[in-house]
2 protein chains.
Amino acid sequence: MSLNQLLSSIGNIIPLNKSEKEELSQRVVERKIKRKQFILQESDICKHYTFVAEGYCRKYKVDDKGTEHNLQFIAENDWITEINSFYFETPSRVFIEAMEPAVILQISKPDLIYLYSSSPKFNRIFRVIIENRFAELEERVLHNISSTAEERYLAFIRTYPQLSSRIPNTQIASYLGITPEFLSKIRKNLKLV
Amino acid sequence: MSLNQLLSSIGNIIPLNKSEKEELSQRVVERKIKRKQFILQESDICKHYTFVAEGYCRKYKVDDKGTEHNLQFIAENDWITEINSFYFETPSRVFIEAMEPAVILQISKPDLIYLYSSSPKFNRIFRVIIENRFAELEERVLHNISSTAEERYLAFIRTYPQLSSRIPNTQIASYLGITPEFLSKIRKNLKLV
DNA sequence: TATAATTATTAAAATAGTTTATTTTCTGTC
DNA sequence: GACAGAAAATAAACTATTTTAATAATTATA
């Protein structure tokens with residue numbers, strides 16, 4: 001059951017005692033989300049820190065020309081939020097959307113603030129969660145500025161082997177910052193080699 | 001004096017009381033760094049969280065071909081570390097180097113761990129520091145995948161107006177992920193327009 | 001102040017990536 | 001199992017960016 005998934009995922013960071021688990025469990029709300037349904041829409045305020053238990057999501061931004069740009073894919077047992085919008089209560093500039101039917105667990109900001117005060121461990125947990133994501137993001141920037149599209153594509157499928165097979169190529173292209181046509185070209189090339 | 005700079009910068013996140021300021025001040029070490037001197041070298045373990053009081057630094061990675069790629073510039077009153085290396089005590093994959101004669105304040109990992117346990121505020125402070133940097137980094141990824149080199153250059157000088165005038169164009173090009181020659185072309189073009 | 005060394009600019013040719021348009025393949029649904 | 005709609009592949013022409021190489025401008029140092 002998805003709450004256990006969340007507890008064990010957090011337990012990997014720091015083991016929680018019974019009362020901490022209680023506190024956390026009581027403040028988490030489970031939701032079932034359809035494919036293509038939004039978890040967060042642009043210009044809304046991001047009210048939750050979200051744990052993905054089943055399915056996967058994408059976080060993307062729409063630019064002035066209406067083109068979508070994928071910032072992140074979020075697989076099972078991973079956390080997603082829009083930090084700026086969540087903490088500063090400013091309108092979100094991104095969408096978060098389920099790519100497959102999903103089960104998510106959400107914590108509201110007041111509840112999270114409560115948890116931070118109830119045990120210092122929670123502060124630490126959410127610091128570690130964002131630090132992990134930060135390291136990942138920095139890795140990505142590095143690839144973006146130092147690798148060709150082909151190298152980035154190979155790195156992507158190497159880093160997310162299971163997930164990448166579930167993601168349509170259009171979406172992967174948008175994540176890599178190239179057109180789907182050029183991704184096709186790259187894939188064709190790789191087959192020849 | 002640089003310790004006051006650090007205290008006031010942290011005070012902007014959460015005000016500290018006297019004893020917290022004491023605890024922090026006692027665990028911070030000031031160092032003067034020459035231009036081009038390293039604060040962290042590749043394959044070393046990052047031992048400190050570093051606050052830049054004067055001067056500015058760059059964090060960069062050297063790829064297989066020996067080319068340097070700038071990941072970040074760190075100006076006065078900002079923090080820098082290599083999260084992965086610092087927390088997991090793994091060899092750093094990046095260099096951090098002073099671009100101008102600098103004054104820095106450093107906290108070692110044991111001292112930071114101590115601070116985390118001494119007051120929950122410190123956990124929160126370093127969570128906020130990394131969250132801010134995270135938001136900045138995400139903005140950058142977005143630009144990288146959705147903007148042309150010219151747009152990225154304009155965004156860069158708009159975001160860091162004072163700092164960008166102190167950074168050589170070669171370094172800016174490396175940050176933008178383009179060649180210095182192409183940056184020249186862009187700058188020429190912008191003058192004409 | 002002159003000279004060396006680094007940094008910035010320019011230009012031409014080569015490569016990487018986009019655009020537009022068409023065709024093929026895949027997927028879901030009745 | 002046939003059909004509609006979405007996703008993927010192909011190709012040609014176009015644009016962005018790199019590479020190489022040479023020159024000009026700036027900065028550091030004897």
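A note on names: the letters A, B, ... follow the listed sequences, proteins ahead of strands, and every chain is numbered from 1. Just so it is clear, the structure is predicted and the values come from calculations on it, not from any experiment.
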Interatomic distance where CE belongs to A/M99 and P belongs to D/dA6 [whole Å]
15 Å

Does some side-chain heavy atom of B/E89 sit less than 4.5 Å from a side-chain heavy atom of B/C46?
no

Taking any atom closer than 4.0 angstrom to a non-hydrogen atom of chain B, what span of DNA chain C does the protein reach, first nucleotide to last?
C/dT7 to C/dA11

Taking the side chain as every heavy atom from C-beta outward, state whether A/L115 and A/L24 have any atom pair closer than 4.5 Å.
yes

Answer whether the closest heavy-atom distance between the side chains of A/T170 and A/L183 falls below 4.5 Å.
no

Matching residue for A/F95 among A/V62, A/L40, A/L71 - test: side-chain contact (heavy atoms from CB on, under 4.5 Å)
A/V62

Would you please indicate if the ring centroids of A/F156 and A/Y175 are separated by under 6.0 Å?
yes

Taking CD1 from A/I186 and C1' from D/dA8, how many angstroms apart are they, rounded to a whole number?
14 Å

Could you give the CG-to-C1' distance, from B/L183 to D/dT18, as a whole number of Å?
14 Å

Check whether any side-chain heavy atom of B/V141 sits under 4.5 Å from a side-chain heavy atom of A/V141, and report yes or no.
yes

Side-chain contact test, heavy atoms from C-beta onward, threshold under 4.5 Å: evaluate it for B/R27 versus B/Y114 and give yes or no.
yes

Mind checking whether B/F73 and B/L163 have side chains closer than 4.5 Å, heavy atoms only?
yes

In whole angstrom, give the distance that lies between atom CZ of A/F182 and atom P of D/dA11.
16 Å

Please give, in whole Å, the distance from D/dT27 C1' to B/K36 NZ?
11 Å

Strand contacts (DNA chain C) in residues 165-181 of chain A, 4.0 angstrom heavy-atom criterion:
A/G177, A/I178, A/T179, A/E181

CD of B/E150 versus C1' of D/dT17: gap in Å, rounded?
13 Å

Distance check needed: D/dA11 P versus A/K185 NZ, whole Å only.
10 Å

Check whether any side-chain N or O of A/R187 sits under 4.0 Å from OP1 or OP2 of D/dA9, and answer yes or no.
yes

Are the side chains of B/L112 and B/F126 in touch, meaning some heavy atoms are under 4.5 Å apart?
yes

